[in-house]
Amino acid sequence: MMAVTWKMSWRSSHSCSFPCNVKDPLEPQRIRNFRIDHLRSKNACKVLDKIAQRINLSVSELGIAHIATGSEKGIINDTDFGEISGTIYDACQEQGVNAMPGLLYWEGNLIDKKYITGQLSYYSREGNLGVGKICHALLIKTGICGDTIVGTALVNMYAKCGEIHSAMMVFNGMHSVDVASYNCLISGFLGNGMFDEALGFFAEMGVREIRPNHYTYSIMISGCGSVLAIDEGIQLHAHAVKLQYVLNGVVANSLLTLYCKFGMMEDAHSLFQSLPEKNIVSWTAIISGLYQQRAFEKALLQFYLMRQNGLEPNEHTLTIALSCCGGVKQFDNGYALHAQLVKNGMDSGVFVGTAIIDMYTELGQMDNAGKQLQGMGTIASVVSWNALIAGFVHNDKIEEALDSFHKMLVENVPSNEYSFSIILKACSSLPSLSTSKQIHCWVVKANFERNLHIASSLIEAYAKCGNLHDAENVFYQISMPDIVSWNCLVKAYSQHGYFRKALSLFRKMVVEGIKPSSSTFLAVLSSCSHCGIVQEGKELFESMLMNYNIIPEDTHYSCMVDLFSRSGQLEDALDFIKRLPIKPTASIWRPLLAGCRCHSNVQLGEYVAKRILELESHDASVYVTMSNMYFEVGRLADVVKQRELMTLKEVKKEPGYSWMEVKSKTYKFFSGDKTHPQTPEIYDLLEKLMIDFKDTNHDSSNMSAPHTQPGQNHDRKLLYHSEKLAVCFGLLNLPAGTPIRVYKNIRVCSDCHETMKHISKLSKRDVILRDNYRFHHFKQGGCSCGDFW
DNA sequence: CTAGGGTTAG
């Protein structure tokens with residue numbers, strides 16, 4: 001892709017280190033003073049590992065509470081604290097985590113319980129298990145870990161760091177536990193998705209006569225929200241009413257969030273109304289609930305109401321409000337809010353700043369989004385960059401997306417898995433194989449290969465760029481492919497025209513115990529439709545609901561109509577539509593119209609056209625198809641009439657549609673009979689046609705030569721037209737009698753004119769089917785003028 | 001020890 005002027009390679013990427021999130025290295029001078037010199041020569045990590053191993057031993061086999069001091073039991077031998085301090089500092093550096101400033105004074109302060117719990121709380125927030133474990137070691141050494149508060153802090157540390165098993169060990173070994181200890185443990189279970197265990201310990205509190213407090217209820221209720229346990233949540237609500245906890249702000253707010261999560265807005269509202277004191281979190285919960293329901297206007301209304309009630313929004317509220325402004329697709333709200341934020345100086349935070357970027361991308365105002373990112377300067381995070389890049393991709397500004405990605409790399413913003421996922425989507429939209437390959441290299445280098453999202457994006461990108469082989473390779477390198485990975489490959493086969501392969505991969509997937517999803521069926525049904533295997537398609541469609549409990553959507557119905565129509569069973573298609581449980585949409589009718597044209601059923605075509613126009617009166621494809629259909633049966637007067645109608649109704653013809661004519665000449669081919677569908681004569685004719693196109697369009701087009709100005713869209717236009725070019729070849733394996741569509745705006749690469757050569761060498765295998773039209777790729781290299789192909 | 005927010009793949 002020539003428009004991508006930057007080149008990424010293994011060599012150039014070497015200077016950019018990947019995502020090491022080093023936060024401000026604190027007071028290095030102070031730390032240096034405390035460091036023991038001989039430590040520099042030691043491998044700090046090894047020491048850390050050793051200590052960690054010993055701690056695991058102590059947690060699992062001995063039980064912390066029974067240990068008077070670690071040194072007595074030989075858990076930590078003669079390690080002096082100075083050495084441990086140095087090790088902790090190295091560990092912090094290693095893991096990119098801020099070591100607490102006071103850390104190195106531990107030597108003198110170890111007896112202070114309050115201080116040590118503060119340290120533990122800090123490391124639990126940071127999620128630094130390694131340093132947390134060293135804290136644990138120090139506690140064992142001094143023998144103060146038998147204390148309830150210290151023990152609770154340890155439970156919390158392990159729980160927050162995801163080592164729930166160790167948390168439980170510490171908990172079980174404690175001499176005495178209180179509500180707080182239970183709260184920490186329960187919160188840990190819920191944070192690790194272990195709802196049943198949380199519920200078990202919650203029940204145990206009653207048995208041990210430790211009365212749950214409002215924190216306990218708050219934790220439990222929000223846990224219900226995350227595992228979608230609404231029944232339990234309602235029961236807890238009842239409990240909370242009985243214990244008179246509901247009017248407590250924290251419990252009420254977690255209940256509000258729970259109800260909003262389940263879309264139970266009435267319950268949320270009545271609870272909200274009953275609150276004597278609504279704080280900012282209560283309002284935010286309601287606004288967020290409405291936002292999740294996509295009721296953007298209502299959410300904004302609440303937002304204004306809140307301010308009328310004298311509450312000023314905080315960062316949380318503002319981000320949602322901004323998202324709502326993006327959602328309503330009206331500029332006024334967004335501008336007004338943004339202006340206010342600038343005035344208050346609240347637009348400078350990362351979260352709000354990113355939400356502003358996101359809002360502008362939603363509104364399609366990429367200039368403003370870019371300005372916002374620029375204005376944020378160094379505070380812009382990965383997320384901010386990702387939001388901007390995703391915005392470019394969604395607004396179909398692919399080259400800008402690639403440019404931004406490049407800029408992000410240049411500015412040393414550490415990329416994360418989201419960045420790669422979205423930039424791969426950009427590659428597949430272009431589509432550019434060489435860029436995809438470059439990004440793939442970066443993925444490997446950044447050690448994101450094992451990320452399922454990225455792997456799926458890679459499969460998609462390779463498939464869209466025509467490199468089915470590499471798409472397969474990526475898939476087979478995934479150790480545990482999920483449903484999305486499977487879908488990507490099934491879809492890739494389907495899009496490349498390997499329908500049988502798509503179907504057999506689908507069966508393999510089912511055998512391996514993966515439950516197909518809605519998207520799977522879309523790919524599979526489409527395969528059946530293109531293969532013409534109606535019966536199997538019908539059975540698969542029925543099994544969707546019967547065996548997999550997937551409710552068919554419009555797109556599935558559309559596929560089924562296509563299945564019948566393509567194979568000529570027009571009446572069955574009509575019957576299918578009439579028996580649908582929903583009102584048929586234009587997209588459901590459309591494949592039938594295409595079928596009518598293919599099989600020259602003018603009468604039914606007219607009926608279907610009417611239905612579509614009833615639903616979407618400005619659908620240009622209807623007029624174009626009807627006109628072409630009339631043309632094919634020789635009703636030239638009706639051809640003219642369709643065009644007049646279209647002008648009359650001011651229907652705008654979108655790019656991509658073509659009338660059935662090429663200048664004054666008309667070409668119409670049939671793909672021969674079924675036994676010999678691809679005769680040399682057809683190739684000859686088509687080749688002649690190509691030359692014709694080349695001659696007639698070379699200078700008349702308003703497009704200049706591709707690859708001239710980076711950042712312009714020439715490459716895409718070229719590809720777009722080469723898709724059309726490939727149409728001529730792509731239809732070769734369609735049923736006999738299928739008219740070949742001819743387009744007049746086909747261009748060849750005007751730099752090298754090599755398209756012709758490639759096209760003539762093109763085999764059926766190289767032609768990729770994509771929906772109703774096809775595009776091609778060339779396996780080796782491409783035109784001599786660039787890496788475009 | 002507690003509630004609320006921003007970016008991905010099909």
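A, B, ... follow the sequence lines: proteins, then strands. Residue 1 opens every chain.
Comparing atom distances between the Cys184(A) side chain and each of dT8(B), dC1(B), dA3(B) picks out dC1(B) as nearest. The Val383(A) side chain lies nearest to dG6(B) when the options are dA3(B), dA9(B), dG6(B). Comparing dG6(B), dC1(B), dA3(B) by their closest approach to the side chain of Val281(A) singles out dA3(B). Of the candidates dG6(B), dC1(B), dA3(B), dG6(B) carries the atom nearest the Thr354(A) side chain, counting heavy atoms from C-beta on. Taking only side-chain atoms of Phe351(A), from C-beta outward, the nucleotide of dA9(B), dG4(B), dG6(B) with the closest atom is dG6(B). When each of dC1(B), dT7(B), dG4(B) is scored by its nearest atom to the side-chain atoms of Thr257(A), the top-ranked nucleotide is dG4(B). In the set dT7(B), dA3(B), dA9(B), the nucleotide with an atom closest to the side chain of Ser254(A) is dA3(B). Which of dA3(B), dA9(B), dG4(B) sits closest to the side chain of Asn314(A) comes down to dG4(B). Closest approach to the Ser323(A) side chain among dA9(B), dG6(B), dT2(B) is made by dG6(B) (side chain taken as heavy atoms from C-beta onward).
Between Lys491(A) and dG10(B), a side-chain N or O to OP1/OP2 separation shorter than 4.0 Å is absent. OP1 or OP2 of dC1(B) lies within a sub-4.0 Å distance of a side-chain N or O belonging to Ser121(A). In this model, the phosphate group of dC1(B) is not approached by any side-chain N or O of Lys160(A) to a distance below 4.0 Å at OP1 or OP2.
Distance, Tyr418(A) OH to dT7(B) C1': 7 Å, rounded to whole Å. Look at OH on Tyr360(A): it is 17 Å from P on dT7(B), rounded to the nearest Å. Residue Leu424(A) contributes atom CG, which lies 11 Å from atom P of dA9(B) at whole-angstrom precision. With rounding to whole Å, Tyr217(A) atom OH is found 18 Å from dT2(B) atom P. Atom pair Phe420(A):CZ and dT7(B):P shows a separation of 20 Å (rounding to whole Å applied). Taking atom CG of residue Asn416(A) and atom C1' of nucleotide dA9(B), one finds them 13 Å apart after rounding to whole Å. When the P atom of dT8(B) is taken as reference, atom CG of Asp482(A) falls 18 Å away, rounded to whole Å. The distance from atom CG of Leu258(A) to atom P of dA3(B) is 13 Å, rounded to the nearest whole Å.
No aromatic stack links His316(A) and the base of dG5(B), using centre distance under 5.5 Å and interplanar angle under 30°.
Between Glu472(A) and Lys501(A) there is a salt bridge, with a side-chain nitrogen of the basic residue lying less than 4.0 Å from a carboxylate oxygen of the acidic one. Under the 4.0 Å criterion applied to side-chain N and carboxylate O atoms, Glu362(A) and Lys329(A) are assigned as salt-bridge partners.
Below the 3.5 angstrom threshold, one finds a donor paired with an acceptor across the side chain of Ser381(A) and the base of dG6(B). Remark: the Glu315(A) side chain and the dG5(B) base include a donor-acceptor N/O pair separated by less than 3.5 Å.
For Gln273(A), the CD atom sits in a packed shell: over 12 heavy atoms of surrounding residues, nucleotides or ligands are nearer than 6.0 Å.
Side chain of His269(A) to backbone of Met265(A): no donor-acceptor contact under 3.5 angstrom is found. Between the side chain of Lys515(A) and the backbone N or O of Tyr548(A), at least one donor-acceptor pair lies under 3.5 Å.
Checked against side-chain hydrogen bond (donor to acceptor under 3.5 Å, both in side chains), Asn172(A) has no partners two or more places apart in sequence or in another chain. Residues satisfying the salt bridge (charged side-chain N to carboxylate O under 4.0 Å, His left out) criterion with Arg294(A), sequence neighbours excluded, are absent altogether.
Here Ala180(A) lies in heavy-atom contact (under 4.0 Å) with a base. Nucleic acid contact for Asn213(A): none, since no nucleic acid atom lies under 4.0 Å from a heavy atom of the residue. Counting non-hydrogen atoms under 4.0 angstrom, Val350(A) reaches a base of the nucleic acid.
Less than 4.0 Å separates DNA chain B from at least one heavy atom of each of the following residues of residues 384-391 of chain A: Asn386(A), Ala390(A).
Tested against Leu458(A) for a side-chain contact (heavy atoms from CB on, under 4.5 Å), the candidates Val474(A), Ile478(A), Asn473(A) yield a single pass: Val474(A).
You'll find the ring centres of Phe475(A) and Trp486(A) inside the 6.0 Å limit.
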